Every structure is written in structure tokens, then in C-alpha cells.
There are 2 protein chains.
Amino acid sequence: MPKHLTKSLHQKISLAGGKLTRLRKAILDILIQENCLVDKKTVVKKLNQKKINPDRTTLYRELLFLTKNNLVQKTLLNEKIYYELTDLSHHHHLICLICNKIKKIPLENHLQCQEKILSQKNNFDIINHNLEFYGYCYKCQKNN
Amino acid sequence: MPKHLTKSLHQKISLAGGKLTRLRKAILDILIQENCLVDKKTVVKKLNQKKINPDRTTLYRELLFLTKNNLVQKTLLNEKIYYELTDLSHHHHLICLICNKIKKIPLENHLQCQEKILSQKNNFDIINHNLEFYGYCYKCQKNN
DNA sequence: ATATTTGCAAACGTTTTGCATAGTG
DNA sequence: CACTATGCAAAACGTTTGCAAATAT
């Protein structure tokens, strides 16, 4: 886990009155490694690879803790729920409506500027955002 | 239902091999009237007000039809699934992390420009997008 | 030592499936 | 008429709850 992240995550956890358990650390590590949208099944698979086999109740409570305390963000794509680290979520996604492939794209500066404008206009303190583009990838355009 | 929408929706339905049933029409009407994110419970409530009481199986299948065929878009906010008309979805949302209030904001042109750039860069034919900003609304900023 | 976290068992709610009937184009 | 849409019953699945034992700070 990168140093600057460790610190910020650790802070957020203790701020929320939580403890850095083996499971919690492992889940965060997985989300950092993936650095993109990960679904629950993938999280379980990766945990099992690390010889961690939490009860499903425990996993539900863990993901609830992480989302409730804003360490992790949930997103619904193609009828599936995905998770990603809030701290790493400053990129966006191109999602193909045919093959469901998800491609990560970097943040455009425009959006950061817009956040400032929106903040002022609406008296709204923006701390995060979600942006996804839906359409047809190159392959599927050709094949259809 | 506004004329230009009726036509486009009707087309999409028959293109998908579907029929314009009472339930389907009612759901689309509700989504048009709400013109924002609506959850399943609200849909049921509004249907009941119209004396339409579909079996829950039917409702599930209906919402599946509408999302599968891209007439309606699903979004996950605050642990809840919301639906909205794809044709009307060209606005974005400010979501307060404390009181969960959702405020609709109009599309900024910047994003449409970016879509074009992204399309070309990635050989990806973008047909829709989702954008949500998370943060603290004015009231909650004051009270916390 | 205290509070959080965990596993187990069971309850609960949501979503899906199969099939026969009704309704639409 | 052909095909989609619907309701019902039941199954499958996902999520939540309560409690006692284990674990982290």
C-alpha cells in the first residue's frame, strides 16, 4: 500500500471509530491494486487467494463500513454493483453497451473547473464526483 | 406525454419487439412527469394512484425491459437504485452526503465537447453519460 | 479494559423462473 | 393469429439481525 494512501486511509478509519483489521486492510489493498471498479465476487476471489475467507455477513458489514464512512464508493454498471476507493476514483469510465467492457480514462481538467463553478453557484461543497460514458467500443461498432 | 417523446419512445419500444401496454405507458408517463431520479417504491406508489397494481414479478420484468432496451437508465445513489428516462437524462445531480437531498443541475456544454474529443481519442461511440457530484449542501454545511 | 469485529444461525426482502392465461399488433 | 405481457406459486438469491466469542487499540 502506498505511504500517502496508508496514512489517509488509516486516519479515515480511526476517525470513523474503526480498527485496522486483517480483512479491512486486505480489502483496501485489493481495491488499491485493482485501481478500478471491482465487484463483490472479485473481492471475494482475491481475498481467498490471500487465504482470507470471511463469512459473507462479515463481508457485507465490512463493505457497509467502508461505504458509510466514504472510504469506498459504490457504482451501478450493467446491472452490477462495483466498488472503488474514493481516494483513487479521480478517473472516469467508458462502458460499452454491447460487450460491457469498461475502460478507464483520466480526469479532464475541465471537470475540476466546473466543480468550482458549481460549488459557488449552488452553495454546495463538492467533495467527489462520478462520471461514466456509455456507448459502443471500436470492436462492437465494427461487428454490428 | 409530450409529442416528440411519445414518438421516440414508441419507436424504441417497437424496435425492441415490445408492445405499448397500459403498464408500460404508465411507467413511462411517471418517469416523464417526475423528470428526475425515481426509485421503485415511488413508481409503485404512483402506479397505485392510477389504479394500476401490477404483480411485483411483472414490474421487475417491465423495468428490466425498459433498461435492457435503453429506454430507462438505472443509477445507484445512497444505497438505493433510481430510474430515469434516458431521453430526459441530460442533466446531472448534486447529492448531499448528509441529508441525501438530490438537486438536479443542467448540462454544461463543456461535457458535450468532451464527449466528442473522447469519442475520437478512444474510437468509442458515446451515446450517453452519467454525472453526479457528491458533497455537502448549504443547510448541512451550516448545521455541521 | 473497552469497543469494535467476527462467525454462525436464522430471518427477511428482493429478484428470478416456469407455466398457463390474457392482451396487443 | 402470433407473439408479447401478465399473474401466480415457488425457488433462488442477496442482505440483514441478534448474540456470543475473538480481536484490536
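Note that the structure is a prediction, hence the values are computed from the model and not measured. By convention in this document, chain letters (A, B, ...) are assigned in the order of the sequence lines, proteins followed by strands, and residues within each chain are numbered from 1.
Per the geometry, NZ belonging to Lys25(A) stands 14 Å off P belonging to dT6(C), to the nearest Å. Protein atom CG of Leu63(B) is 14 Å distant from nucleotide atom C1' of dA5(D), rounded to whole Å. Note: OH (Tyr60(A)) to C1' (dT6(C)) measures 16 Å, nearest angstrom. Rounded to an integer number of Å, the gap from CG of Leu59(A) to P of dT16(D) is 12 Å. In this structure, CZ of Arg61(B) is placed 11 Å from P of dG18(C), rounded to the nearest angstrom. Protein atom CZ of Phe65(B) is 16 Å distant from nucleotide atom P of dT16(C), rounded to whole Å. The CD1-C1' distance, from Ile27(B) to dA5(D), rounds to 12 Å in whole Å. Here dG14(D) presents its P atom at 11 Å from NZ of Lys80(A), a figure rounded to the nearest Å.
Regarding contacts with the backbone of dT5(C), a side-chain N or O of Arg24(A) is found under 4.0 angstrom from either OP1 or OP2. One finds no side-chain N or O of Lys40(A) lying less than 4.0 angstrom from the OP1 or OP2 phosphate oxygen of dG14(D).
When the options Ile32(A), Leu66(A), Ile30(A) are evaluated for a side chain to side chain contact (heavy atoms under 4.5 Å, CB included) with Leu85(A), the one that passes is Ile32(A).
The number of heavy-atom neighbours closer than 6.0 Å to NZ of Lys104(B), taken from other residues, nucleotides and ligands shown, is above 12.
Checking Asn122(B) against Lys103(A) by side-chain atom types alone, a donor-acceptor pair falls below 3.5 Å. Side-chain polar atoms of His92(B) and His129(B) form a donor-acceptor pair below 3.5 angstrom.
Interface residues of residues 44-57 of chain B facing DNA chain C, ordered by number: Arg56(B), Thr57(B); criterion, heavy-atom separation under 4.0 Å.
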Identify all side-chain donor-acceptor contacts of residues 40-52 of chain B below 3.5 Å with residues at least two apart in sequence or on another chain.
residue	atom	partner	partner atom	Å
Thr42(B)	OG1	Asp39(B)	OD1	2.5
Lys46(B)	NZ	Glu34(B)	OE2	3.3
Asn48(B)	ND2	Val44(B)	O	3.4

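Side chain of Gln141(B) to backbone of Asn123(A): a donor-acceptor contact under 3.5 angstrom is found. Distance alone, capped at 3.5 Å, places no donor-acceptor pair between the Ser14(B) side chain and the Gly17(B) backbone. In this structure a side-chain-to-backbone donor-acceptor pair under 3.5 Å is missing from Thr67(A) to Val72(A).
Counting all heavy atoms, side chain and backbone alike, Phe124(A) lies closest to Tyr134(B) at CE2-C, 4.0 Å.
The residue Lys41(A) sits apart from the nucleic acid: no heavy atom pair falls under 4.0 Å.
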Please list, for nucleotides 21-25 of chain C, all pairs of protein and nucleotide N/O atoms separated by less than 3.5 Å.
residue	atom	partner	partner atom	Å
dG23(C)	N2	Lys19(B)	NZ	3.0
dT24(C)	O2	Lys19(B)	NZ	2.5
dG25(C)	OP1	Leu20(B)	N	3.3

